[in-house]
Amino acid sequence: MMLRGGRVMRLASRHLGSHGFSTEIFVSRLSFYTTEEEFKKVFSPFGAIEEARLVRDNQTGRLKGFGFVRYSSEEEAQKAVKAMDGRILRGRLIFAEMAKEHGTG
């Protein structure tokens with residue numbers, strides 16, 4: 001199935017968000033002892049962080065072992081992924097990748 005011209009771009013921008021690019025990264029395999037401050041500090045050398053959040057279990061409040069970092073530009077996010085993917089943090093091998101947009105429907 002081939003899509004033509006503008007329709008491809010509209011579908012791509014809808015998939016990637018209103019900016020047409022992603023500025024958020026997904027970080028997995030984090031230690032359950034990672035703090036919000038530590039998480040933000042580790043990812044701050046790569047650019048201006050708009051938000052850094054660790055995901056917690058709603059019932060227990062315990063960390064689920066992953067989080068998200070949103071930068072002010074796509075270039076900063078890509079730099080962070082390149083630098084941090086496969087690194088050791090708190091004795092654990094972590095993975096960083098560009099976050100996928102959540103569907104609206």
Side-chain angles (χ1 to χ4, degrees):
M1 175 176 170
M2 298 267 309
L3 300 174
R4 293 193 188 120
R7 185 165 181 214
V8 172
M9 291 307 294
R10 283 193 304 275
L11 289 174
S13 68
R14 192 177 324 144
H15 177 68
L16 294 172
S18 59
H19 300 292
F21 56 85
S22 177
T23 61
E24 188 170 53
I25 65 172
F26 171 70
V27 184
S28 59
R29 295 191 35 85
L30 291 167
S31 165
F32 296 117
Y33 301 103
T34 304
T35 66
E36 302 274 350
E37 299 80 27
E38 177 183 31
F39 186 57
K40 188 172 183 175
K41 183 178 178 182
V42 167
F43 283 90
S44 65
F46 309 107
I49 294 176
E50 292 185 355
E51 180 184 27
R53 67 188 188 283
L54 296 171
V55 178
R56 297 180 179 276
D57 181 277
N58 288 335
Q59 302 218 346
T60 65
R62 184 175 180 208
L63 293 178
K64 287 190 169 186
F66 64 92
F68 296 89
V69 181
R70 188 171 63 237
Y71 288 91
S72 56
S73 77
E74 179 183 21
E75 293 77 20
E76 293 169 335
Q78 289 176 348
K79 188 166 46 168
V81 166
K82 186 175 182 179
M84 295 302 292
D85 187 42
R87 290 293 177 106
I88 304 292
L89 179 62
R90 280 191 160 256
R92 292 189 54 115
L93 177 69
I94 65 168
F95 297 108
E97 61 185 280
M98 298 304 287
K100 295 171 181 61
E101 290 288 325
H102 297 291
T104 57

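Scope of the values below: all heavy atoms of this structure, side chains included, with no hydrogens, waters or symmetry mates.
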Checklist entry - Is it true that Val27 and Met98 fall in one hydrophobic cluster, defined by side-chain heavy atoms closer than 4.5 Å? => result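 Cluster IDs for Val27 and Met98 match.
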
Item to check | Phe95 reachable from Phe39 in the ILVMFWY side-chain graph, under 4.5 Å edges | outcome: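 Shared cluster, no.
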
Spacing of [atom1] belonging to [X] relative to [atom2] belonging to [Y], to within rounding of 0.5 Å:
X: Thr34; Y: Phe66; atom1: OG1; atom2: CZ; answer: 13.0 Å
X: Ser28; Y: Asp85; atom1: OG; atom2: CG; answer: 8.0 Å
X: Glu51; Y: Phe68; atom1: CD; atom2: CZ; answer: 10.0 Å
X: Glu97; Y: Phe26; atom1: CD; atom2: CZ; answer: 6.5 Å
X: Leu89; Y: Ile94; atom1: CG; atom2: CD1; answer: 5.0 Å
X: Lys40; Y: Leu54; atom1: NZ; atom2: CG; answer: 12.0 Å

Item to check | Other residues, nucleotides, ligands: >12 heavy atoms within 6.0 Å of Asp57 CG | outcome: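 Count over threshold, so yes.
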
Checklist entry - Any side-chain heavy-atom pair from Val69 and Ile49 closer than 4.5 angstrom? => result yes

Next on the checklist: So that I can tick it off, tell me whether Lys79 and Glu74 are bridged by a salt bridge, with the cut-off set at under 4.0 angstrom between side-chain N and carboxylate O.
Outcome noted: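 No salt bridge links Glu74 with Lys79.
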
Checklist entry - Can a salt bridge be assigned to the pair Glu38 and Arg90 using a cut-off of 4.0 Å between side-chain N and carboxylate O? => result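 Looking at Arg90 together with Glu38, the answer is yes, because their closest N to O distance falls below 4.0 Å.
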
Backbone N or O of [Y] within a donor-acceptor pair of the [X] side chain at under 3.5 Å?
X: Gln78; Y: Glu75; result: no
X: Glu36; Y: Arg53; result: no
X: Arg87; Y: Ala83; result: yes
X: Arg92; Y: Arg29; result: yes
X: Thr23; Y: Ser72; result: no

Distance-minimising heavy-atom pair for [X] and [Y]:
X: Ala80; Y: Phe43; value: CB-CD2, 4.3 Å
X: Glu50; Y: Tyr71; value: CD-O, 3.9 Å
X: Ala99; Y: Ser22; value: O-OG, 3.6 Å

Checklist entry - Hey, does the Lys NZ or Arg CZ of Arg62 hover above the aromatic six-ring of Phe32, less than 6.0 Å from the centre and inside 45° of the axis? => result yes

